[in-house]
2 protein chains.
Amino acid sequence: MPATMRDVAARAGVSVKTVSNFFNGYPYMREETRARIGAAVEELDYRVNVSARSLRRGSSGMISLIVPELDQAYFAELAQEVIDAAAPLGLTVLVETTSYLRERELDALSGVHRQLIDGAIFDPLALGPDDAPDLARSLPLVIIGERQFEGLADHVLIADEEVARRVVEHLLEIGRRRILLLGAGSPGTHTAVLRRRGSVAALARAGLTPDEALFVEVDGWNRDAGARATARALESGLRFDAVFGFNDALALGAQWELLERGIAVPGDVAVAGVDDTRDARFAHPTLTTMSPGRAQIARLAVELLARRISEPTAPDGFVSVTADFELIVRDSTRSPASLASLDRRPPRQKDGLR
Amino acid sequence: MPATMRDVAARAGVSVKTVSNFFNGYPYMREETRARIGAAVEELDYRVNVSARSLRRGSSGMISLIVPELDQAYFAELAQEVIDAAAPLGLTVLVETTSYLRERELDALSGVHRQLIDGAIFDPLALGPDDAPDLARSLPLVIIGERQFEGLADHVLIADEEVARRVVEHLLEIGRRRILLLGAGSPGTHTAVLRRRGSVAALARAGLTPDEALFVEVDGWNRDAGARATARALESGLRFDAVFGFNDALALGAQWELLERGIAVPGDVAVAGVDDTRDARFAHPTLTTMSPGRAQIARLAVELLARRISEPTAPDGFVSVTADFELIVRDSTRSPASLASLDRRPPRQKDGLR
DNA sequence: TTGTAGGCGTTATCAT
DNA sequence: ATGATAACGCCTACAA
């Protein structure tokens, strides 16, 4: 029994249409009418019924964000950024979580909610080339990160190849030569392929021949997988003086495993990642990483999607924009010497006693 | 121009009602009819229009989860658990994010979406006692964690007092005597009050007089705040041999700050938190923490809410359930001696060379 | 087991 | 500047 527009109209002594106008920013209205409606709304504690509005308008003001899981800092932070970017445009974000399952990615695109949402921002992890047709005819769509579907939807891209190249160059610059590439073994996503390619390019430029043994496979891009892969590498007797995790979670997992085994970071092994999640800043040592400009990505994605929604017919040809990136050098790749000299903190002291 | 039920009916040669029955699991239908409808749905790629259904039914199958931010591991993980718990009940979760702002918490409860959602799971951080009236008359509601609104809605509680008591007892058991209580200074939330009370109780039982100076104020329950507060404490010359962060983020921030200053954890200062976020497991050293059974909390909250939604009139009196908890002892509170003996890893070895 | 009619609350059209 | 009225797509009686 919540109040309806009809109730408000009755109370304010106007027609339903006028109340509707009130809520839709229709400019031609007497100040007095406006005030009366405002009062009635207040008294009845009225709220527009979104379902009815959506039904009538044929659009809901709701977009979904399709990511594998919120347990990963990267996706959680991305979700927050997207929500924040969508709000000013009057868009509500429905976060859909897929557990890296192809079925669930497809379902998020064309399941029950397809009728509910106006469009989607999608970070595909499980879909492959075969699914392109499904993608194409689903709904207004912006794809983030993965570029294998370019031409089928708008994209916000990360310059995967350059990003990886820069990280590896940085590791080479600080004198490392045997770099474990976490995620480069039998890469599943296109992203992995590109980061691997960029890494190889950097090595080649430095005149180094890549050692295939250092291209390590991982079973997930999370900390567990990073730790496990690193453990395996160590136990197989592989020798390396740096780790490049294809994302922060992998790098942090590696770093954790190294430290657990008493291997010094960056003393014995330097570590770097990609994503600049908050976790990187609070690791110990703090983790060198590549910032992909997540806020920018979110903003671009939302804007692109909003445009695609309001322009019903695509003007043929989809847009791809690439986000800026920036290397964030932290302690995990600083030599102890430079570490000490760069440290702006008060002299280290034992404190806190027992 | 998406297909409607009418289209499907026409195509299948049945009435709209029969198609509706098909989608609502109405059992009495000839197998052949069912098959024909299924085929028509397939061919037309039909999906039920959720807005129309919601309008007609007066309910949407959507619930919201109201949390301050997804950037905090605790809330991100909670959101994932809630989404997972809601799915089997056919409920879709709309995550609403409030940035710890009172206005936005109120808005999430009674703003535009009040008409869209059937109920809400709410982790209140900014609302105070004055807002009780607003809460009471909003919508089916389950409150998580905070207990100041008991009697106004269903609650899933954390045994804050006992949780804190157990943590402090643990720190006392391992021989620590001066425990910095991060979050105990001028506590804002009821949760903080209770955790402080539990901590004091543990100290009292051990015959210790609490030192007010160790009750430290924080400006947020995140890692930054934890690090800052710890830095302040150290710089003020305060001496302590343990830190109890009222949540993992505070504890991790503290641990980070300690390590940055070359203070050994747990050698010089032991550290413990509450929440058992993934971050605790991957800290170095791994963080001792109290697991509040997040999966259980999520499940209870969703079930309670589902019940409250289906039972329109509250049978007077709201339910409060308390989640189980469990102390997870990790390296941040293990003495180096026990550490070595408990370690089930292969002997530490330098590896990874240069 | 299936069909018909009407209305859920809103907005668009067309008047006035 | 405001009002009357007809959809939007679905579900619930009620009928058959």
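Protein chains get the first letters and strands the later ones, always in sequence-line order, with residue 1 at the start of each.
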Pair listing, salt bridge (Lys or Arg N to Asp or Glu O under 4.0 Å) test, anchored in residues 73-99 of chain A, at least two apart: Glu77(A)-Arg294(A)
Summary of ring pair (Phe, Tyr, Trp, His ring centres under 6.0 Å) pairs that have at least one residue in residues 45-91 of chain B, sequence neighbours excluded: Phe23(B)-Tyr46(B)
Within residues 28-37 of chain A, residues whose heavy atoms come under 4.0 Å of DNA chain D: Tyr28(A), Met29(A), Arg30(A), Thr33(A)
dG3(D) OP1/OP2 closer than 4.0 Å to side-chain N/O of Thr18(A): yes
Salt bridge (Lys or Arg N to Asp or Glu O under 4.0 Å) pairs, two or more places apart, involving residues 45-60 of chain B: Arg114(A)-Asp45(B), Arg137(A)-Asp45(B), Asp45(B)-Arg47(B)
Residues forming a ring pair (Phe, Tyr, Trp, His ring centres under 6.0 Å) with Phe149(B), sequence neighbours excluded: none
4.5 Å side-chain heavy-atom contact, Val82(B) and Val95(B): no
Base versus backbone protein contacts along nucleotides 8-16 of chain D [heavy-atom cut-off under 4.0 Å; B, S, -]: BBBBBB---
Nucleotide interval of DNA chain C bounded by contacts with chain A (heavy-atom cut-off, under 4.0 Å): dG9(C) to dT13(C)
Summary of salt bridge (Lys or Arg N to Asp or Glu O under 4.0 Å) pairs that have at least one residue in residues 140-158 of chain A, sequence neighbours excluded: Asp154(A)-Arg308(A)
Contact list for residues 59-71 of chain A, test salt bridge (Lys or Arg N to Asp or Glu O under 4.0 Å), sequence neighbours left out: Asp71(A)-Arg278(B)
Side chain to side chain donor-acceptor pair (under 3.5 Å) pairs, two or more places apart, involving residues 122-133 of chain B: Arg102(B)-Asp131(B)
Any residue meeting ring pair (Phe, Tyr, Trp, His ring centres under 6.0 Å) with Phe22(A), in chain and number order, not counting sequence neighbours: none
With Tyr100(B) via ring pair (Phe, Tyr, Trp, His ring centres under 6.0 Å) - residues at least two apart: none
